[in-house]
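Each remark here refers to the structure printed beneath this line.
Since this is a predicted model, take the numbers as computed values, not measurements. The analysis underlying the following values was restricted to heavy atoms, covering all of them including side chains, and did not include hydrogens, waters or symmetry mates. Atoms within a ligand are numbered from 1 in the order they appear, just like the ligands themselves.
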Amino acid sequence: MDNTKYIFVTGGVTSSLGKGIIAASLAKLLQARNYRVTIQKLDPYINIDPGTLNPYEHGECYVTEDGAETDLDLGHYERFLNVYTSQANNVTTGRIYQSVIEKERRGEFLGKTVQVIPHITNEIKDRIQLLGKSGQYDIVITEIGGTVGDIESLPYIEAVRQLQWELGDNNAIVIHLTLVPYLAAAGELKTKPTQHSVKALMESGLKADVLVCRTDRELPDDLRQKLALFCNVKKEAVIQSIDVATIYDVPNLMLLEGLDTVVLKKLALSDAVAPDLTKWNNFLQRHKNPKHRVRIGLVGKYVELPDAYKSILEAFIHAGAENEVKVEVLMIHSEYLDETNLQDKLSGLDGVLVAPGFGERGIEGKIKAIQYVREHKIPFLGICLGMQMAVIEFARHVVGFENANTAEVNPNSLYKVIDLMQEQKHVTQKGGTMRLGAWDCELQAGSKIYEVYQQPLISERHRHRYEFNSEYRKPLEESGLRCSGINPKTGLVEVIELPSHPWFVGVQYHPEYKSTVAKPHPLFVAFVKAALEYKLKK
Ligand code: GLN
């Protein structure tokens, strides 16, 4: 048996209580006490991964170094901890079943009937312990998606029960995140929903060791006492998690509430080293005391759903703090951008980011926005689809390639300046088949992008099927587009820029996935700086 300690985070009463943020905040505190921590998310849905999910379902699909398409909570884990996650950090029911069924087909169960218990639960336990057994971590925090009582979560809860029994109390604990709502009509905070969800947990054989209570106001002492009594936890293990302005405040709040000490005590681990949050608090200090403010437009088609652009929005927070600038992000719907409102929507902005995306919807609006910022010299950053649209815009309006397009939208276009990657041409399955994960990119000396990174070779994460069509590289470059970042292995163009423009950069990769509190992404930092310079010059 490994020496790793396991913490399970379950949720009760309702979804969206922020299990991911609580898990990440606790991990931050433990990391700040020199423990090696990682966080894992178990998702109860049957999709193999969220790569095939529409962002309207669960928000952004987050991509790891090893090319796993994962839940957006993994983004929080990396942003808080500044430690990479991997495929092992996100497990779905689909993946569990797929793996069990493949084993069955290989005859690995030796003629036995394959059942939820023990075969599915064993597979879940293996996946939970995979990270612990790697020897890289002292503590693994496993967040169980969904809410206790859901049919889908039952095998996970059962696996946790078995694992806790096998590992012993001091090696595996359960934190239950719940809601303590305020009823205006009664004028009081209510504990009953929490009592019920703890009861539901107990019916499945799990006892909560710690209760984290989401609330919009202070939990008075007598209410904590009541929760402790009815839910069978120590009073100091009733932790309040009050609504805050920024998720980055949560580690400090959990510290004040003593979540980390309660957890360490339960796990029989030392709390002798006090948490060092100096760097974290430096960031918070800068984040909360900006000297300037810039307005950046985020042009995309999921404006009603900020979770679809989670990593981009967080990267702006990191980059803003680095520059001591408040970045106000204005969501601009690409589907409704046209000549009649372009000026109105874009002229007051200090920078424009054109978002990643898939499919035809909103494409022409993105191209219009890019033409506007190119002609009006407003700082521009295009990410993935945003970069591809910048190439199309340039091909159409500067080079004169009429109706230039991407093969994704019009495979019959005369000028397919963005085309399907060679290795994608025979791909028939949708799931997990894009160009994914970390790839190298060589930056040209003297370019804007080189100035940003200050190094000749970088590695960034990808998620796309289409690429800059190198057949058009010559005519586009002759008209003033610079291809300043190239994949050294494949020769694919990864970065484009316009030397005639003060700050116009498009990247085929996703810089937002690698921005963390400890390491704000240099491209976002430079973009925010360019926006500020533009604003100050105006
Ligand atoms: N749809 C484009 C492609 O597949 C861009 C993808 C993206 O923006 N992530 O190439």
Side-chain angles (χ1 to χ4, degrees), residues 49-65 67-70 72 75 298-303 305 307-313 315 334-335 352-367 369-370 380-393 395 404-411 413 416-439 441 460-470 472 485 487 490 492-496 505-515 521 523:
D49 60 43
T52 52
L53 287 173
N54 186 315
Y56 286 113
E57 298 288 311
H58 295 280
E60 164 190 281
C61 172
Y62 184 77
V63 179
T64 56
E65 283 292 290
E69 295 176 283
T70 72
L72 60 72
L298 172 53
V299 180
K301 63 177 171 179
Y302 299 111
V303 293
L305 186 83
D307 266 7
Y309 303 116
K310 195 83 209 165
S311 294
I312 291 177
L313 297 176
S334 51
E335 215 179 340
V352 167
L353 187 150
V354 175
F358 294 85
E360 192 173 3
R361 186 163 72 95
I363 287 268
E364 291 301 324
K366 286 184 171 170
I367 295 173
I370 295 168
F380 164 78
L381 177 59
I383 297 182
C384 208
L385 185 72
M387 171 268 201
Q388 297 176 352
M389 293 306 111
V391 174
I392 292 171
E393 192 282 317
N405 217 324
T406 163
E408 184 175 2
V409 171
N410 181 9
S413 163
K416 271 189 286 182
V417 289
I418 305 294
D419 202 359
L420 200 57
M421 278 182 277
Q422 198 51 38
E423 65 270 25
Q424 286 286 332
K425 294 202 165 136
H426 308 288
V427 171
T428 50
Q429 295 231 6
K430 284 263 187 288
T433 53
M434 279 186 255
R435 181 183 184 211
L436 291 164
W439 290 79
C441 174
E460 292 281 4
R461 299 183 196 169
H462 292 247
R463 182 173 187 246
H464 58 109
R465 284 185 210 285
Y466 297 84
E467 57 157 320
F468 182 112
N469 183 350
S470 294
Y472 290 99
N487 180 314
T490 59
L492 291 183
V493 174
E494 313 278 29
V495 187
I496 57 112
V505 176
V507 292
Q508 183 59 76
Y509 53 79
H510 291 264
E512 70 274 22
Y513 293 142
K514 280 176 76 171
S515 186
H521 196 286
L523 194 48

Please table the atom pairs, donor to acceptor, closer than 3.5 Å between any side-chain atom in residues 353-362 and protein atoms at least two apart or in another chain.
unit_1 : atom_1 : unit_2 : atom_2 : d
R361   : NH1    : E335   : OE1    : 2.8
R361   : NH2    : Y56    : OH     : 3.4

Original post:
What class does the angle between the rings of Y302 and Y309 fall in, given that below 30° is parallel, 30 to 60° is tilted and above 60° is perpendicular?
Top reply: tilted
Subject >> Criterion side chain to side chain contact (heavy atoms under 4.5 Å, CB included) on E494 and H462, from CA distance to verdict >> reply: CA-CA 10 Å; E494 313 278 29; H462 292 247; 3.2 Å; yes
Would you mind writing out a table of all protein N or O atoms found under 3.5 Å from any N or O atom of ligand 1, naming both atoms and giving the distance to 0.1 Å?
unit_1   : atom_1 : unit_2 : atom_2 : d
ligand 1 : 1 (N)  : G357   : O      : 3.0
ligand 1 : 1 (N)  : E408   : OE1    : 2.7
ligand 1 : 1 (N)  : E408   : OE2    : 3.1
ligand 1 : 4 (O)  : R465   : N      : 2.9
ligand 1 : 8 (O)  : G357   : N      : 2.9
ligand 1 : 8 (O)  : G357   : O      : 3.4
ligand 1 : 8 (O)  : L385   : N      : 3.0
ligand 1 : 9 (N)  : R463   : O      : 2.9
ligand 1 : 9 (N)  : H510   : NE2    : 3.3
ligand 1 : 10 (O) : Q388   : NE2    : 3.1
ligand 1 : 10 (O) : R465   : N      : 3.2
ligand 1 : 10 (O) : Y466   : N      : 2.8

Original post:
Among L420, L385, I418, which residue meets the side chain to side chain contact (heavy atoms under 4.5 Å, CB included) test with E408?
Top reply: L385
**OP:** Using atom types as modelled and distance alone, determine if a side-chain donor or acceptor of E512 lies under 3.5 Å from a backbone N or O of H521.
**Re:** no
**OP:** Check whether more than 12 heavy atoms from other residues, nucleotides or ligands sit under 6.0 Å from atom NZ of K430, and answer yes or no.
**Re:** no
